[in-house]
Amino acid sequence: MAKDFPKRSENYSEWYNELVVRADLAEQSAVRGCMVIKPYGYAIWEKMQHQLDKMFKETGHQNAYFPLFIPKSFLSREAEHVEGFAKECAVVTHHRLMNDPNGKGVVVDPAAKLEEELIVRPTSETIIWSTYKNWIKSYRDLPILCNQWANVVRWEMRTRMFLRTAEFLWQEGHTAHATREEAEAETRRMLDVYAEFAEKYMAVPVLKGHKSPNERFAGALDTLCIEAMMQDGKALQAGTSHFLGQNFAKAFEVQFLNKENKLEYVWATSWGVSTRLMGALIMTHSDDNGLVLPPHLAPIHVAIVPICKSDEQQRQLDEHIAPIVKALEAKGLVVKYDNRPEYKPGWKFNEQEMRGIPLRIEIGPKDIENGQCVIASRWNGEKVIVPLDKLEETVYAKLEEAREGMYNKALENMNNRTYSCETIDEINKALEEKGDGFIKAMWCGDEACEDEVKEKTGVGSRCIPFMQERKAGNCVCCGKPADKYVIWGRQY
RNA sequence: CGGGGUGUAGCGCAGUUGGCUAGCGCGCCACGUUCGGGACGUGGAGGCCGGAAGUUCGAGUCUUCUCACCCCGACCA
């Protein structure tokens, strides 16, 4: 058992915060709402980036980079967009500091006021579409399939590490198309990429669907999302893909000549996932002993701990284990041989478990004699004795077992915490008796009903799944005929 | 942004109605004994008590302001 480590059942928030710090993923910085992502946490993010980047390129996208700063006037070009974003932005007003005339440090030089303020990007649609205007003249210039890896700033009121920070890292894809159909297909294609990434690499099951109009991205005609369920039953929006229609093309006057020599506005999409995925990863799999990582995203796959009683034994073990490490590394695995003498094996076990290393191999003098070792799996705590000549294949089998087992466990939690409800009373009853979860209920599509459900139950509409299990019924709120089966829930 | 809470060593905390040299546990450093689930002994280093102003002979302790973090909401990736 991890010492002084909070249990999920006692205080889920405290457990989460403590885990982020103790697993060495991140810590609070000196800047309000901003975190420092530590090397181990960043290594996990890099693995995510690497895989996603590969998938983006496989679907024909290229990386580019656009400015951090956006002229203030750009934000107001698209009416809904400014409504959704303008209130939570950091603004640059000056470009120079000067020595304080009173002798204390530096102050903003009032003479260096910018003619037009610059906004630190909360998202890049506006700066990118102002650029695309120059890139697009003809249907031959389309489609443009760009992605950028970047940081963005949103001045959030309440921050939580990885889940909501004032500055966060993400990728944002911005594509331009000649037809509505092509843009809609792109929107869906990228959502599918996100879903595949979540399920295959993060071992996180997700629901795919539409956001309700109320929950849409500011300026989008349709927002697709993947929603994941955390262990406490709350929903986490893991990725979004927006069909932007011609809104931004019109706002930035981006037109092209089609084959018939007619001027048309360009169709747009944007899609993104952020470091919030780290939060999803943590809250989906981890336990009261710390982080649990799926093998595909673990910076270290296998930790090897030698068990010995003397320096002489240590030397012998080092000799025996060196070729084992080499053999596993030759298979592409990252192996950490932890022979630090200053820590006892039990201490190392706990540290490795806190950091979520998928497999641990224990080898002592007796094991060498018997030609065997112990393999312990992080995700389920299972320990098995394995002959050394079967080690490589067993390691592979155990890693695959972990990926599949973690996914199934998460899926089971999601299923167990999904409740079908017909009325608002039933929603409240389900939440009270079984705790947070996904509420499945029919909705008539009226925004007033959506608001009323939120007000009376605390759960909001999270997702209108593509897979509609029910085609018709009565609205959970007003009782009128309804044709949308909606997932409701509390969200992070 | 509304309500509540917390800031004292790297971490977790104690510090009485204001009083003299600010303590404890863990961790850290040195040496020795240990090592199959967070070992132990001895010695040692480490502090503008979140920041600023004020009250006072005297402030970790009282007052005001400010900053940051945590929790519950509202908002969002």
Side-chain angles (χ1 to χ4, degrees), chain A residues 1-6 11-14 16-18 20-22 27-35 83-85 87-89 104 122-123 150-172 194 211 214-218 223 225-228 235-242 270-280 289-290 305-311 313-314 317 338-354 360-367 372-374 376 381 383 385 451 454-455 458 460 490-492:
Chain A
M1 258 310 139
K3 246 190 211 166
D4 308 319
F5 187 59
N11 189 338
Y12 198 79
S13 299
E14 195 190 338
Y16 175 82
N17 288 327
E18 192 71 17
V20 167
V21 172
R22 303 221 344 202
E27 63 189 31
Q28 290 296 341
S29 72
V31 185
R32 194 209 95 104
C34 298
M35 64 177 171
E83 183 63 25
F85 279 103
K87 292 162 195 157
E88 49 182 19
C89 290
K104 286 192 174 172
T123 179
N151 57 339
V152 288
V153 169
R154 296 181 190 175
W155 215 259
E156 300 290 349
M157 292 304 156
R158 185 181 167 200
T159 61
R160 303 190 64 184
M161 285 198 280
F162 290 117
L163 298 174
R164 196 189 304 103
T165 44
E167 178 192 12
F168 59 94
L169 305 183
W170 76 345
Q171 63 61 221
E172 46 182 329
Y194 289 155
K211 283 288 181 190
N214 214 7
E215 300 280 328
R216 258 179 214 149
F217 176 76
T223 289
C225 61
I226 50 170
E227 293 286 326
L236 190 140
Q237 182 176 307
T240 47
S241 183
H242 315 291
S270 70
W271 28 273
V273 295
S274 71
T275 34
R276 174 180 275 186
L277 288 179
M278 295 282 292
N289 290 326
V305 179
I307 315 289
C308 54
K309 297 191 195 306
S310 67
D311 290 354
Q313 273 186 358
Q314 177 76 261
L317 281 170
D338 188 355
N339 62 351
R340 291 175 295 177
E342 62 268 32
Y343 296 107
K344 290 178 65 179
W347 194 94
K348 293 174 185 173
F349 297 169
N350 281 285
E351 188 197 41
Q352 290 157 1
E353 281 166 13
M354 184 58 73
R360 177 182 71 241
I361 298 178
E362 304 168 23
I363 303 182
K366 285 179 209 156
D367 295 316
Q372 65 181 38
C373 66
V374 174
K383 271 190 182 189
I385 294 172
D451 292 343
K454 172 94 197 224
E455 198 181 307
R490 242 184 280 275
Q491 73 167 334
Y492 275 101

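First the proteins, then the strands, lettered A, B, ... as listed; each starts at 1.
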Quick one: which of [options] gets closest to the side chain of [X]?
X	options	answer
A:E351	B:G38, B:G37, B:G36	B:G38
A:R22	B:A74, B:G38, B:G36	B:G38
A:T165	B:C71, B:A77, B:G36	B:A77
A:F349	B:C75, B:C71, B:G37	B:G37
A:N350	B:C69, B:G37, B:C76	B:G37
A:D367	B:C71, B:A77, B:G36	B:G36
A:R276	B:C69, B:A77, B:G37	B:A77

Check your understanding: A:Q491 or A:C373: which one's nearest nucleotide on RNA chain B is closer to the 5' end?
Key ->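 Its nucleotide being nearer the 5' end, the pick is A:C373.
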Let me know the distance between [atom1] of [X] and [atom2] of [N], rounded to the nearest Å.
X	N	atom1	atom2	answer
A:Q171	B:A77	CD	P	14 Å
A:W170	B:A77	CH2	P	8 Å
A:E215	B:C75	CD	C1'	10 Å
A:I307	B:A39	CD1	C1'	14 Å
A:I361	B:G37	CD1	P	18 Å

Would you mind classifying the nucleic acid contact of [X] as base, sugar-phosphate or nothing, using non-hydrogen atoms under 4.0 angstrom?
X	result
A:G364	base
A:Q28	sugar-phosphate
A:Y492	base
A:Q237	sugar-phosphate
A:G279	nothing

**Study point:** Cationic tip of A:R276 above A:F168 ring, under 6.0 Å, 45° of axis
**Key:**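 Pair A:R276/A:F168 does not count as cation-pi.
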Under 4.0 angstrom between [X] side-chain N/O and [N] OP1 or OP2:
X	N	result
A:T159	B:A68	no
A:K454	B:G73	no
A:R158	B:C70	no
A:K344	B:G36	yes
A:N11	B:C70	no

Practice item. Taking atom P in both B:U8 and B:C70, compute the distance separating them and give it to the nearest angstrom. Key: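 Going atom to atom, P in each nucleotide, I get 15 Å.
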**Study point:** B:G25 pairs with, by Watson-Crick or G-U criteria that keep both distances under 3.5 Å
**Key:**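 Pair assignment: B:G25 / B:C11.
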